[in-house]
Amino acid sequence: MKLNIKNTEKFISKDKLIKYQKKAQNANNSLQNKDGSGNDFLGWINLPFEVDEALISDIENTAKELQSKADFMVTVGIGGSYLGAKAVIEALSDNFSNFKDRDNIKMLFAGNNLSEDYLYELVDLLKDKSWAMTIISKSGTTTEPAVAFRILKNELENKYGKNEASKRIIAITDKQKGALKQLADKEGYKTYIIPDDVGGRFSVLTPVGLFPVAVAGFDIQKLIEGVKNFAKLSTKKGNDAETYAAVRNILYNNGFTNEILVNYNPKLTFFSEWWKQLYGESEGKDGKGIFPASVSFTTDLHSLGQYIQDGKRNLFETVISVEKSKNNIILPEDDDNLDKLNYLAGKHIEEINKSAESGTLKAHLEGNVPNIQIIIPEINEFYIGELIYFFEKACGISGYILGVNPFDQPGVEAYKRNMFQILGKPGY
């Protein structure tokens, strides 16, 4: 992958860039040395270099076993317990895989909302299907996944009986404490561990993300290779993670308080959702932080394009640009040409898409929207792995430059206290 910041040059001075790159280097050193704030949650830093081959092999074998007995896998979790896995799976999947009769297991997600209709319709779908479930929770008591798990566990046990149901439930949880760990031990669920020193939004490279990705049929070893590749690069002075963190903080201090992550491939739409949690939960505290938003172009050019072009000038864009599409389709010529598209006849759709990307970037620059570009050759396990670690490392660096602890989330508890009080939970 490559980082291109040339389209931010008219918005930031060279002197300021040099100054902030030094700050980024110091912040990166603090991450590597684990001597900054939140350093008890920096286990993700060395994960790429501490891969347990026995664990990877076990994950792959368990995934194959479930693929042989189930047509659907329901992954139950919220926040970092599902966003990373879903982001990777959707990036690597056929856009319509869940609608095609293929051998691969179909992936579903639950426990990330409190919608009664969603749960009812999921249960209704699964009634005549062969399915299994992964429950991901460190505590086992987080409301949304706990509610979904109780309902789905009941359905699974009623369908298969407790003994077989226990073989179809995988628990990913704390090593030694918590309600889910206690239940998993009691019922004999196959269990994987969430490391104590890895927070939820940084957990995609633990079993939290690796297991669902393996069940979906993708190569987690190639994913890890991509992660490892950028992890090595990120220890070098002036690397792309440092530069990205420096530039976005300069823009923030120049009044560009909103960052929009842009993609031109719908496979990356949910990658943006993972990114929004990563940066929003890491930086949004103490009255500070860049607000993370996202758009999928060219789709959203027909809804948000006007605002981005001519609205309040407090936003900048970070564009994930994919050089090569996986498939080929060419626009045919039409004798009548009623749609006036014959000037595009013979062109690949991706060539048209790239022209839209270039034209949009030029227009937004003219509209005084700074643009950062992240370029990957194609969408596969290796490059998605690189992107994941790039954004994680840059997030930690950026948070330190901002002057916050990027590894806690005290504000998340406020809505929970109010909800528990309204619902009458004991102790609230």
Side-chain angles (χ1 to χ4, degrees), residues 1-32 36 230-231 233-264 268 271-272 274-276 278-284 288-295 297 308 312-322 357-358 360-376 386-404 406:
M1 58 158 285
K2 297 178 289 187
L3 180 73
N4 177 9
I5 61 166
K6 69 178 182 180
N7 295 316
T8 64
E9 289 174 354
K10 75 173 186 176
F11 304 95
I12 59 179
S13 68
K14 288 184 179 179
D15 288 344
K16 191 163 280 190
L17 180 59
I18 292 169
K19 177 182 176 182
Y20 271 77
Q21 282 181 320
K22 181 62 177 176
K23 288 184 178 183
Q25 289 165 19
N26 292 336
N28 195 13
N29 289 337
S30 287
L31 286 176
Q32 292 296 143
F230 192 83
L233 294 173
S234 75
T235 62
K236 297 179 180 179
K237 181 180 177 181
N239 67 78
D240 284 348
E242 290 180 358
T243 301
Y244 174 59
V247 169
R248 63 194 303 275
N249 272 277
I250 296 170
L251 292 171
Y252 172 69
N253 286 314
N254 286 351
F256 295 98
T257 56
N258 294 9
E259 179 177 13
I260 303 174
L261 191 68
V262 180
N263 74 76
Y264 282 82
L268 295 175
F271 194 90
S272 298
W274 169 79
W275 174 86
K276 283 191 284 191
L278 181 66
Y279 280 81
E281 205 166 76
S282 296
E283 293 188 321
K288 302 176 183 178
I290 298 168
F291 183 80
S294 65
V295 290
F297 288 164
I308 296 170
K312 188 175 175 63
R313 300 295 79 185
N314 65 338
L315 53 88
F316 66 97
E317 293 175 307
T318 296
V319 181
I320 301 178
S321 182
V322 183
E357 181 178 339
S358 298
T360 302
L361 189 150
K362 183 179 179 182
H364 289 178
L365 276 176
E366 290 169 351
N368 288 317
V369 178
N371 262 263
I372 299 168
Q373 192 179 28
I374 298 165
I375 304 160
I376 61 172
E386 280 201 325
L387 270 182
I388 287 170
Y389 200 86
F390 163 78
F391 278 124
E392 287 185 343
K393 194 65 174 293
C395 183
I397 295 169
S398 187
Y400 281 172
I401 295 174
L402 188 63
V404 300

Problem - Any residue meeting salt bridge (charged side-chain N to carboxylate O under 4.0 Å, His left out) with Glu317, in chain and number order, not counting sequence neighbours - result: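 Per chain and number, Glu317 pairs via salt bridge (charged side-chain N to carboxylate O under 4.0 Å, His left out) with no residue.
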Problem - Results of salt bridge (charged side-chain N to carboxylate O under 4.0 Å, His left out) for Lys2 - residues two or more places apart only - result: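 Lys2 satisfies salt bridge (charged side-chain N to carboxylate O under 4.0 Å, His left out) with Glu323 once adjacent residues are dropped.
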Practice task
Can you run down the salt bridge (charged side-chain N to carboxylate O under 4.0 Å, His left out) pairs that involve residues 389-403, sequence neighbours left out, and say none if there aren't any?
Solution key: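 Those involving residues 389-403 do not exist here.
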Exercise for the section: Give every residue pair that meets the salt bridge (charged side-chain N to carboxylate O under 4.0 Å, His left out) criterion with at least one member in residues 250-262, sequence neighbours excluded. Expected result: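 Residue pairs with at least one partner in residues 250-262: Arg248-Glu259.
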Practice task
Could you label the plane-to-plane angle of the Phe256 and Phe11 rings as parallel, tilted or perpendicular, counting under 30° as parallel and over 60° as perpendicular?
Solution key: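 Aromatic pair Phe256/Phe11 classed perpendicular.
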Problem - Non-hydrogen side-chain atoms of Tyr264 and Thr360 separated by less than 4.5 Å - result: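 Side chain of Tyr264 against side chain of Thr360, heavy atoms only: contact under 4.5 Å found.
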Exercise for the section: May I ask you to test the Thr257-Tyr252 pair for a side-chain heavy-atom distance under 4.5 Å? Expected result: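 Contact flag for Thr257/Tyr252 side chains = yes.
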Problem - Residues that Lys276 engages under side-chain hydrogen bond (donor to acceptor under 3.5 Å, both in side chains), provided they are two or more places apart - result: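 Lys276: side-chain hydrogen bond (donor to acceptor under 3.5 Å, both in side chains) contacts with Glu273, Ser294.
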Exercise for the section: Decide if atom NZ of Lys6 counts as having more than 12 heavy atoms of other residues, nucleotides or ligands within a radius under 6.0 Å. Expected result: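 Counting other residues, nucleotides and ligands, NZ of Lys6 stays at 12 neighbours or fewer.
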Any idea which heavy atoms bring [X] and [Y] closest together, and the distance?
{"X": "Ala241", "Y": "Ala394", "answer": "O-CB, 3.6 Å"}
{"X": "Ser282", "Y": "Val404", "answer": "O-CG2, 3.8 Å"}
{"X": "Lys10", "Y": "Leu365", "answer": "NZ-O, 3.2 Å"}
{"X": "Gly396", "Y": "Leu31", "answer": "C-CD1, 3.8 Å"}

Exercise for the section: Begin from the C-alpha positions of Phe316 and Val247 and carry the test side chain to side chain contact (heavy atoms under 4.5 Å, CB included) through to its verdict. Expected result: CA-CA 11 Å; Phe316 66 97; Val247 169; over 6 Å; no
Practice task
From the options Leu268, Val262, Ile372, Ile375, select the one residue that forms a side-chain contact (heavy atoms from CB on, under 4.5 Å) with Ile320.
Solution key: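 Checked Leu268, Val262, Ile372, Ile375 against Ile320; only one passes side-chain contact (heavy atoms from CB on, under 4.5 Å): Leu268.
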Handout entry: With sequence neighbours excluded, residues passing ring-ring contact (aromatic ring centres under 6.0 Å, His included) with Phe230
Key =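 Testing Phe230 for ring-ring contact (aromatic ring centres under 6.0 Å, His included), a comparison that skips the adjacent residues, returns Phe390.
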